[in-house]
Amino acid sequence: MDSTVIDALDRAIADELRADGRLTWRELGERVGLGPTATADRVRRLEAIGVIRGYRAEVDLSALGVGLRAITELRLAPDTPYERFEATLRESPEVQAAFHVTGSLDYVLFLACPDVPSLDRLLSRWRSEDGVLESSTRILLREVDLGRR
């Protein structure tokens, strides 16, 4: 099989691992109709070609004292280099995910902070030191369970 061809079985494996990255080869194989060795070979190939980029734990941030989650949209000052600002994002542990987007804004961020004052300090620092011209923030109240694995 061509190592770059992704078939329906590969997609099924990726879907199962997205839902539960801790499945054993046997469990995963049972779910997609393969034996453990063939399953392991497929997963290793998907890792090697970059389809599977890593495995993560889903963590309850509130249990770690991070009680506020927010979505923030930012517009940078015209003279702020994207590379410099993206380095700032990488150094900010509050940034859970960042997307450079089209339209009138430059970035959409998912943030996790201990509280509102911490969020305010972060955004204030970005405005005063890191070239953020404008921001709009929505605090997330609760996540909606979509009933997906």
Side-chain angles (χ1 to χ4, degrees), residues 1-23 27-28 31-34 39-149:
M1 166 182 263
D2 181 344
S3 67
T4 59
V5 174
I6 306 300
D7 62 17
L9 200 49
D10 293 329
R11 282 182 173 69
I13 288 169
D15 287 343
E16 292 295 337
L17 289 174
R18 284 177 58 212
D20 184 355
R22 294 181 55 116
L23 291 170
E27 292 167 330
L28 180 58
R31 292 184 185 191
V32 299
L34 288 176
T39 301
D41 290 344
R42 288 254 184 171
V43 170
R44 286 186 192 105
R45 183 179 61 80
L46 292 171
E47 291 170 343
I49 64 174
V51 172
I52 296 174
R53 298 185 302 190
Y55 300 88
R56 291 167 181 73
E58 187 174 325
V59 176
D60 179 358
L61 293 174
S62 63
L64 299 176
V66 180
L68 183 143
R69 293 180 304 146
I71 296 173
T72 297
E73 300 170 317
L74 303 174
R75 185 160 50 105
L76 301 181
D79 61 340
T80 303
Y82 291 134
E83 297 81 16
R84 188 185 92 209
F85 184 69
E86 288 174 8
T88 298
L89 295 177
R90 284 185 202 93
E91 295 167 2
S92 302
E94 300 89 351
V95 178
Q96 303 298 296
F99 303 91
H100 186 214
V101 297
T102 62
S104 62
L105 300 168
D106 295 307
Y107 292 91
V108 174
L109 310 175
F110 288 95
L111 304 175
C113 299
D115 49 33
V116 172
S118 299
L119 174 63
D120 185 44
R121 282 191 299 275
L122 177 68
L123 295 174
S124 295
R125 187 183 78 229
W126 286 348
R127 281 191 294 274
S128 67
E129 299 174 16
D130 296 306
V132 170
L133 184 64
E134 176 184 342
S135 67
S136 174
T137 300
R138 288 164 205 71
I139 293 175
L140 303 178
L141 300 175
R142 64 182 171 86
E143 186 171 350
V144 176
D145 182 357
L146 300 175
R148 299 178 188 146
R149 286 192 271 164

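Remember, predicted model here, so these are calculated numbers, not experimental data.
Of the charged side-chain nitrogens involved, at least one lies within less than 4.0 Å of a carboxylate oxygen, so that D7 and R42 count as a salt-bridged pair.
Side-chain contact between R69 and Q96: absent, with no pair of heavy atoms (C-beta onward) separated by less than 4.5 Å. I71 is listed as a side-chain neighbour of F110, based on a closest heavy-atom distance under 4.5 Å. Side-chain contact check for W126 versus L76: every heavy-atom pair is 4.5 Å or farther apart. Using a 4.5 Å heavy-atom threshold, the side chains of R45 and I49 count as touching. For the pair V132/L123, no side-chain contact is recorded, criterion being any heavy-atom separation below 4.5 Å from C-beta on. Between L68 and L119 there is a side-chain heavy-atom pair separated by less than 4.5 Å. For the pair E47 and Y55, the minimum side-chain heavy-atom distance is below 4.5 Å. The closest side-chain heavy-atom distance from L111 to T137 is not below 4.5 Å.
Of the residues listed (L23, V51, I52), the one engaging V43 in a side-chain contact (heavy atoms from CB on, under 4.5 Å) is I52, and it is the only one.
Contact detail for L74 and S135: the closest heavy-atom pair is CD2-CB, 3.4 Å. Taking both residues in full, the closest heavy atoms of D130 and T80 are given as O-CG2, 3.7 Å, listed atom of the first, atom of the second, then distance. Residue I13 comes nearest to L28 through the heavy atom pair CG2-CD2, 4.0 Å, listed as atom of the first residue, atom of the second, then distance. The two residues H100 and D106 come nearest to each other via the heavy atoms CD2-O, 2.9 Å. Closest approach of G131 and R84 over heavy atoms only: N-NH2, 4.0 Å. Nearest heavy-atom pair, S104 versus R75, reported as atom, atom and distance to 0.1 Å: O-CD, 3.0 Å.
We find the CG-CG distance between L9 and L34 to be 4.5 Å, quoted to the nearest 0.5 Å. Atom CZ of R127 sits about 9.5 Å away from atom CG of L122, to the nearest 0.5 Å. How far CZ of R11 is from CZ of R18: 12.0 Å, rounded to the nearest 0.5 Å. Note: T88 OG1 to E129 CD = 9.0 Å, rounded to the nearest 0.5 Å.
Relative orientation of the Y107 and Y82 rings is perpendicular, given thresholds of 30° and 60° on the angle between their planes.
In this model, a donor atom of one side chain and an acceptor atom of the other lie less than 3.5 Å apart for S118 and R121.
Around the CD atom of E143, the shell of radius 6.0 Å holds no more than 12 heavy atoms that belong to other residues, nucleotides or ligands.
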**Request:** Would you please test I139 and V116 for side-chain contact (heavy atoms from CB on, under 4.5 Å) and show each step?
**Result:** CA-CA 9 Å; I139 293 175; V116 172; 4.2 Å; yes
